[in-house]
Amino acid sequence: MSGVFSSLMAGLPYLVAHFAASLGMLLIGTLIYMRITAHDEMKLIREGNAAAALSLAGAVLGLAIPLAFCLAASVSLLDILIWGTVTLVIQILVFRVTDLAIRNLSTRIEEGEIGAATLLVSIKLSVAALNAAAVSG
């Protein structure tokens, strides 16, 4: 039993540091995403706009999935910080390109158009899956 406890005590600081770093990066990535969108997701969500909630949920998941795979495949805290930043930059760039490529996307989300939000979420999650596979691979 003491071996298990020793293992826990030795590994717990790494778990906490790696998890905290990943969570911090997710928060920063989400805040950056919210700043670059043409609409105010939180205001729209507070007003009951389901399309905005769906879009933001897709963005958060789209950022979290590659970070999770980066965390799982990492060998150190520095590894997480470097590759996690790379995955976040890729995701945010893809989100921005998608926003620009789909005509009037922001306006359509502001108007509560679920179809536009669903398409956006599918793109965000598809790219996240590819990004996650690439970083862990």
Side-chain angles (χ1 to χ4, degrees):
M1 186 68 156
S2 67
V4 172
F5 185 70
S6 295
S7 176
L8 173 66
M9 295 312 292
L12 191 58
Y14 294 103
L15 179 137
V16 170
H18 291 191
F19 180 72
S22 298
L23 197 57
M25 292 175 72
L26 177 60
L27 177 63
I28 290 167
T30 300
L31 292 173
I32 290 170
Y33 172 80
M34 290 172 63
R35 300 262 305 153
I36 67 169
T37 57
H39 52 273
D40 184 347
E41 286 93 350
M42 295 311 295
K43 177 179 176 271
L44 293 171
I45 292 168
R46 285 186 195 103
E47 294 171 353
N49 186 318
L54 182 61
S55 176
L56 183 57
V60 172
L61 284 168
L63 293 167
I65 291 168
L67 280 174
F69 276 71
C70 178
L71 178 61
S74 71
V75 294
S76 68
L77 184 59
L78 183 60
D79 196 33
I80 294 168
L81 295 173
I82 291 170
W83 286 107
T85 300
V86 169
T87 66
L88 290 176
V89 168
I90 291 169
Q91 288 301 118
I92 290 171
L93 286 174
V94 169
F95 297 167
R96 190 66 186 133
V97 168
T98 302
D99 287 343
L100 294 172
I102 300 174
R103 186 174 297 158
N104 301 321
L105 182 60
S106 186
T107 302
R108 293 165 73 181
I109 289 173
E110 288 173 351
E111 293 172 353
E113 201 175 304
I114 297 295
T118 302
L119 175 62
L120 183 58
V121 168
S122 70
I123 293 168
K124 290 173 181 177
L125 295 180
S126 297
V127 172
L130 296 173
N131 195 1
V135 79
S136 66

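- Counting heavy atoms from C-beta on, the side chains of Leu81 and Met25 come closer than 4.5 Å.
- Counting all heavy atoms, side chain and backbone alike, Leu125 lies closest to Gly62 at CD2-N, 3.8 Å.
- Annotation for Leu67 and Thr87: closest pair CD2-OG1, 3.9 Å, computed over non-hydrogen atoms.
- Taking hydrophobic clusters as Ile, Leu, Val, Met, Phe, Trp and Tyr residues chained together by side-chain heavy-atom distances below 4.5 Å, Ile123 shares a cluster with Ile36.
- Side-chain heavy atoms closer than 4.5 Å link hydrophobic residues (I, L, V, M, F, W, Y) into clusters, and following such links, even through other members, never connects Leu27 to Leu71.
- Using a distance-only test at 3.5 Å, with no hydrogens or angles considered, a donor-acceptor pair links the side chain of Asn49 to the main chain of Glu110.
- Contact record, Val135 with Pro66: CG1-O, 3.9 Å, taken as the closest heavy-atom pair.
- Using a 4.5 Å heavy-atom threshold, the side chains of Thr37 and Phe95 count as separate.
- In this structure, the separation between CG on Leu100 and CG on Leu105 is 9.5 Å, given to the nearest 0.5 Å.
- With hydrophobic clusters built from ILVMFWY side chains whose heavy atoms lie under 4.5 angstrom apart, Val60 does not share a cluster with Leu44.
- Hydrophobic clustering (side-chain heavy atoms under 4.5 Å, transitive across Ile, Leu, Val, Met, Phe, Trp, Tyr) groups Leu61 together with Ile114.
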Run the side-chain contact (heavy atoms from CB on, under 4.5 Å) check on Ile109 and Glu41 step by step: do they pass?
CA-CA 9 Å; Ile109 289 173; Glu41 286 93 350; over 6 Å; no
Checking Arg96 against Asp99 for the side-chain contact (heavy atoms from CB on, under 4.5 Å) test, could you report, in this order, the C-alpha distance in whole Å, the side-chain angles of both residues, the deciding distance, and whether it holds? CA-CA 5 Å; Arg96 190 66 186 133; Asp99 287 343; 4.1 Å; yes
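- Here the closest non-hydrogen pair linking Ile80 and Cys70 is O-SG, 3.9 Å.
- In the hydrophobic clustering of this structure, Ile28 groups with Met34; members are Ile, Leu, Val, Met, Phe, Trp, Tyr whose side-chain heavy atoms approach within less than 4.5 Å, directly or through other members.
- Here the closest non-hydrogen pair linking Ser74 and His18 is OG-ND1, 4.2 Å.
- Counting heavy atoms from C-beta on, the side chains of Asn131 and Ile65 never come closer than 4.5 Å.
- At distances below 3.5 Å, at least one donor-acceptor pair connects side-chain atoms of Lys124 with backbone N or O atoms of Ser55.
- Atoms CG and OH, from Leu88 and Tyr33 in turn, are 14.0 Å apart once rounded to the nearest 0.5 Å.
- With a 6.0 Å radius and a threshold of 12 heavy atoms from other residues, nucleotides or ligands, Phe69 has its CZ atom at or below the threshold.
- Residues Ala51 and Gly112 come closest through the heavy atom pair CB-C, 3.6 Å.
- Ser7 contributes no side-chain N or O that, together with a main-chain N or O of Gly3, makes up a donor-acceptor pair within less than 3.5 Å.
- When side chains are defined from C-beta on, Arg108 counts as touching Ile102, because their heavy atoms get closer than 4.5 Å.
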